[in-house]
Amino acid sequence: MDAAAFKRWLKTTMGLDAEAVGPGVIERAIAGRMRAVAAADADAYWRRLQAQPLEQQELIEAVVVPETWFFRGVEAFDALARAFAPRLGEPGAAPVRLLSLPCSTGEEPYTLAMALLDAGWPPQRLRIDAYDISERALAKAGHAVYGANSFRGGDLRYRERHFRALGHGRWQLSDAVRGCVRLHRANVLDIDFLPDAASFDAVFCRNLLIYFDQDTQVRTVGVLARALAADGLLFVGAAETGLLLSLGYASAQIPMAAAFRNQRGAPAPAPATPSPWRAPALAPLPAAAARARPFAAAALAARPAPTAPAAAAAPAQAADDSLQQARRLADNGDFAQAERLCQAHLRAHGPNAEALCLLGVIYGADGADARAEDAFRKALYLQPDHAESLMHLALLLDSKGDAAGARLMRQRAARHRGRNA
């Protein structure tokens, strides 16, 4: 019995694409479980896996590598609060219903609650359902005690408002936030796991689809579409935005939030033959709309604020501001000015992966795929583990038909995620 049978089982059971998690991850998980249960060989472990649901869950737990923290990609949470602000003053309005999938150890759904509570929403008007396949992750989410790895970035004021220090670097989340969130165990491939159709005002499903093959991606998006209200918002990961466009979703035109609205009535591709998964900045555009398209692919993860001494803070802030301005220009369709600003940034501050990656996305948005690829490769020369460059380059190589090259980029990105988990 070789690893191929286990990989097929994981794909069928939870939709996992073995190539997406990087080489050796599944093999190491199997070897670890074999040692844990003292299986004589792979055949013996396979028989145990087929016979015992508990062992099936253990293997799933072994291959799930959560990578999450509070306010990860802060723009999405800011966008959510702004989008629902008009409803806050409506008397007798229904509660806001939100879905987080997968919720992992709870940081994302609890951030949803904190973001809206801080925006003035009363707890009784928030209903957040959070789902994950991992029982261990859900147990940690229910306990709601977090260490330093869950608090990243420079602005941690929310921690003072919503957490209680326990000592030894551990923090307990407040009951007010926990009370807004209901935790559930579910497998997204169980098509009926969500009880109500079209009931969620916003769905957060970020960085799950990248682990699936195309058929499973299309199936999963279909599940989410049934859950989303007609005017609801769907938030995905930066590397997943092209898939949503190919399936008939429209960018919500919220800078750096990777938010989409479902275009009801838009033709959907057949599940077996979805449109190519491409980043919005690289996807082909109708001629009439090419210059007006929003810069949806600029939803790069928020970077921690600089922690250098005060004397160095101003130049660092100026550098960051210039890139933010370039993103805003690109989002407004002014790719030429955005490119000029990126080039000026590189001349003033020297080559860096962040600016080169943004330059690559801008080139892709303007249809210059060869220049986009060159920029991404330069970014990776400077910083080989730059996750955004790896994923954007993978999408670009996919669009060129270079499946092997795209697979290599995704494997490198997966190894980087594993090291930082």
Side-chain angles (χ1 to χ4, degrees), residues 1-34 36-37 39 41-67 99 101-104 131-138 184-195 205-227 236-237 239-240 243 246-247 268-277 394 398 403 406-407 410-411 413-414 417-418:
M1 177 74 63
D2 59 20
F6 293 95
K7 292 177 180 178
R8 287 193 296 271
W9 181 85
L10 286 165
K11 182 175 180 180
T12 301
T13 302
M14 59 182 295
L16 182 69
D17 182 357
E19 293 179 348
V21 298
V25 171
I26 292 176
E27 288 83 352
R28 288 192 293 272
I30 294 168
R33 289 309 306 157
M34 287 177 61
V37 301
D41 53 33
D43 288 330
Y45 180 64
W46 175 257
R47 291 191 294 271
R48 183 187 185 99
L49 183 70
Q50 300 305 302
Q52 297 185 7
L54 180 60
E55 185 55 39
Q56 294 172 9
Q57 180 63 31
E58 290 291 344
L59 182 58
I60 289 171
E61 300 278 0
V63 298
V64 171
V65 181
E67 172 70 356
L99 171 65
L101 172 77
C103 69
S104 187
Y131 290 81
D132 204 275
I133 196 172
S134 170
E135 291 180 349
R136 290 177 188 161
L138 289 169
H184 314 268
R185 183 184 177 274
N187 185 341
V188 70
L189 298 189
D190 296 335
I191 196 166
D192 296 324
F193 78 95
L194 292 171
C205 183
R206 303 191 299 170
N207 303 309
L208 172 68
L209 300 172
I210 56 175
Y211 292 103
F212 294 161
D213 62 16
Q214 283 193 331
D215 287 352
T216 309
Q217 289 168 359
V218 173
R219 179 179 175 185
T220 301
V221 172
V223 172
L224 301 177
R226 285 189 293 276
V236 296
E240 298 163 333
L243 173 65
S246 74
L247 295 178
T273 56
S275 301
W277 178 19
D398 261 340
R407 183 166 58 251
R410 291 195 179 98
Q411 288 173 348
R417 286 193 298 270

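- Distance alone, capped at 3.5 Å, places no donor-acceptor pair between the Thr216 side chain and the Phe212 backbone.
- Comment: Arg47 does not engage Glu55 in a salt bridge, judged by the lack of any side-chain N to carboxylate O separation of less than 4.0 angstrom.
- Atom-to-atom distance recorded for Asp132:CG and Cys103:SG is 4.5 Å, nearest 0.5 angstrom.
- In summary, Arg48 and Glu58 do not engage in a salt bridge, as defined by a charged side-chain N under 4.0 Å from a carboxylate O.
- Using a 4.5 Å heavy-atom threshold, the side chains of Leu224 and Leu101 count as touching.
- For the atom pair Leu209 CG and Arg219 CZ, the distance stands at 13.5 Å (nearest 0.5 Å).
- Closest of all the heavy-atom pairs between Ile133 and Arg185 is O-NE, 3.1 Å.
- Here the CG atom belonging to Leu49 is positioned 8.5 Å from the CD1 atom belonging to Ile30, to the nearest 0.5 angstrom.
- Residues Ile26 and Leu16 are in side-chain contact: their nearest non-hydrogen atoms beyond the backbone lie under 4.5 Å apart.
- One finds the OG atom of Ser134 at 6.5 Å from the CG atom of Leu138 (value rounded to the nearest 0.5 Å).
- Ring-plane geometry between Trp46 and Phe6 is classed as perpendicular, the angle between the planes exceeding 60 degrees on a 0 to 90 degree scale with a lower cut at 30.
- Between the CG atom of Leu208 and the CD atom of Gln217 there is a distance of 9.5 Å, given to the nearest 0.5 Å.
- Here the closest non-hydrogen pair linking Ala42 and Met34 is N-CE, 3.5 Å.
- Distance CG/Leu59 to CZ/Arg33: 8.0 Å, rounded to 0.5 Å.
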